[in-house]
There are 2 protein chains.
Amino acid sequence: MPEPFLFHSGMSTLSTKERILNSTEKLIAEHGFSELSIRKISQRAHTNLAAINYHFGNKQQLIDQVLERRLNNLFDIRKSMLDELNQGDSNKVCNLEQILHAFIAPALFMINDEHQGGRIFMQVLARAYAEQSESLHELMKDRYAPIIKAFAEAIGLACPELPRETIFWRFHFIIGALTYTMGHFGATSVARQMPEAEYFEKSVAELIEFAKAALRT
Amino acid sequence: MPEPFLFHSGMSTLSTKERILNSTEKLIAEHGFSELSIRKISQRAHTNLAAINYHFGNKQQLIDQVLERRLNNLFDIRKSMLDELNQGDSNKVCNLEQILHAFIAPALFMINDEHQGGRIFMQVLARAYAEQSESLHELMKDRYAPIIKAFAEAIGLACPELPRETIFWRFHFIIGALTYTMGHFGATSVARQMPEAEYFEKSVAELIEFAKAALRT
DNA sequence: ACGCAATTCAAACGACTGTTTAAATCGCTA
DNA sequence: TAGCGATTTAAACAGTCGTTTGAATTGCGT
């Protein structure tokens, strides 16, 4: 029951559970799933091996919670921004740029929130996508599919000239470009020798322009 | 020196080296890098553990050769199709659709060539991208960057109204959408309950239309 | 301050990892 | 057919893997 605040031995104020989640996230982002071991996780979290199984059951359930923790947050923000545009009327015709912003910008907020470590997570997400992670697939199907569908429908209303099927495809491709870009964020910004913050804002602005252009009629 | 044709025990006519490359490719596509072991590889290739180290040195060099084998082929085709459009004059203004076709369609050919197993490789490629594979990164930087640059310049000539930087970004996003789509090819086609061949042609057609729209001025 | 539950810990489990070794086998040439 | 280099093989190497165990420790309510 305790789950106490720990100040001893120069450690941060986070609980063991949170430290484990954070170190897992960092290790996946840095070295991928192939090199991920619970021994490295527990070392980086300054805790014991068995603490992981105690708090999460097993390795896979830990990974699942790493994904869920931030994905729930991301999709909640996306949804509420879309709802704000719709203002209670899901049949309202919204500005395309605003819709795309509601989808893309929350990823921006996450990635820029240094303290919350969102940037790290976007790389985790990209890796999980590529691994065809089963837990991610189920999360998408069960929990997030309705939100993605709501965006697709809003885009459909904003672009009445485009066939429904074309909307589906292009939105799919935009998600692909977003995922790819976020996953390669660290690497590309180094290659371009540009401050990360600047490069990041540039990425999102260009991505929104790109998506707008791709959805024009 | 032998490297003989093997007909015994119902085995295919491929050499041990080729069988190892193929089984590695399949295992990466099916279960990702995290579950890849040289024992599984050698079992599937109907050969011995040590044959891998004998023929490739170590596991990493084997993976490198899996990537190189088909990437060399893919970029050779892309390059020759672009050269054909340019007809010796790299300053010639080409049709945008033709340029995009020269970039995207070779991936189509590979993916449709059942015998060569190109479809499998595109999933390997997507996974390697997501893993930020160092060997892939070096291949791209050293060998393929000039070809990608040549495409970017051809697109620049075809879209003179777009700033050079915008071209760079959008081409980057298009590569992202292509990579993402190819990586998720198997999964999505099942979900859509459409014959693979049909779904595949649809994907490429939609992807080219998407890219064209995204590069319009 | 005692007791109990929550948490942490060290140690060990068997299974699997990539690589190396040396012997056995193969296919060609002389 | 004898010999030789190329290839294949079985066996063992030292590590690391995820998980489980039971004991030590912690912190809170009584």
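Chain letters run A, B, ... following the sequence lines, proteins first and then strands; every chain starts at 1. As the structure is a computational prediction, the values presented were derived from the model and not from experiment.
- Residue pairs meeting the salt bridge (charged side-chain N to carboxylate O under 4.0 Å, His left out) criterion with at least one partner in residues 74-85 of chain B, sequence neighbours excluded, are B:Lys79-B:Asp83.
- For A:Phe33 and D:dG18, the CZ to C1' distance is 17 Å, given to the nearest whole Å.
- Every residue meeting the side-chain hydrogen bond (donor to acceptor under 3.5 Å, both in side chains) condition with B:Asp64, not counting sequence neighbours, appears here in chain and number order: B:Gln60, B:Ser135.
- Separating the NE2 atom of A:His46 from the C1' atom of C:dT7 is a distance of 18 Å, rounded to the nearest angstrom.
- Scored by the salt bridge (Lys or Arg N to Asp or Glu O under 4.0 Å) test, A:Arg39 finds no partners at all (sequence neighbours excluded).
- Across the protein-nucleic acid pair, A:His55 atom NE2 and C:dC9 atom C1' stand 12 Å apart, rounded to whole Å.
- Salt-bridge check for B:Arg44 with B:Glu30: passed, with a basic side-chain N closer than 4.0 Å to an acidic carboxylate O.
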Atom pairs and distances, donor-acceptor, side-chain atoms in residues 139-153 of chain B, under 3.5 Å, two or more places apart:
from     : atom 1 : to      : atom 2 : distance (Å)
B:Arg143 : NH2    : B:Glu68 : OE1    : 2.9
B:Tyr144 : OH     : B:Asn72 : N      : 3.2
B:Tyr144 : OH     : B:Asn72 : OD1    : 2.6

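- Taking only side-chain nitrogens and oxygens, B:Thr47 comes nearer than 4.0 Å to OP1 or OP2 of D:dT9.
- Rounded to a whole Å, the CD1 atom of B:Ile52 is 12 Å from the P atom of D:dT9.
- For A:Gln43 and D:dT16, the CD to P distance is 10 Å, given to the nearest whole Å.
- In this structure, A:Ile63 places its CD1 atom 9 Å from P of D:dG18, rounding to the nearest Å.
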Mark up nucleotides 11-22 of chain C, 5' to 3', with B wherever a protein heavy atom is under 4.0 angstrom from a base atom, S wherever such an atom reaches only the sugar-phosphate, and - elsewhere.
-> -B----BBBBB-

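- Considering only side-chain N and O atoms, A:Thr16 lies under 4.0 angstrom from the phosphate OP1 or OP2 of C:dT8.
- Partners of A:Ala154 under the side chain to side chain contact (heavy atoms under 4.5 Å, CB included) rule, at least two apart in sequence or in another chain, are A:Leu82, A:Ile99.
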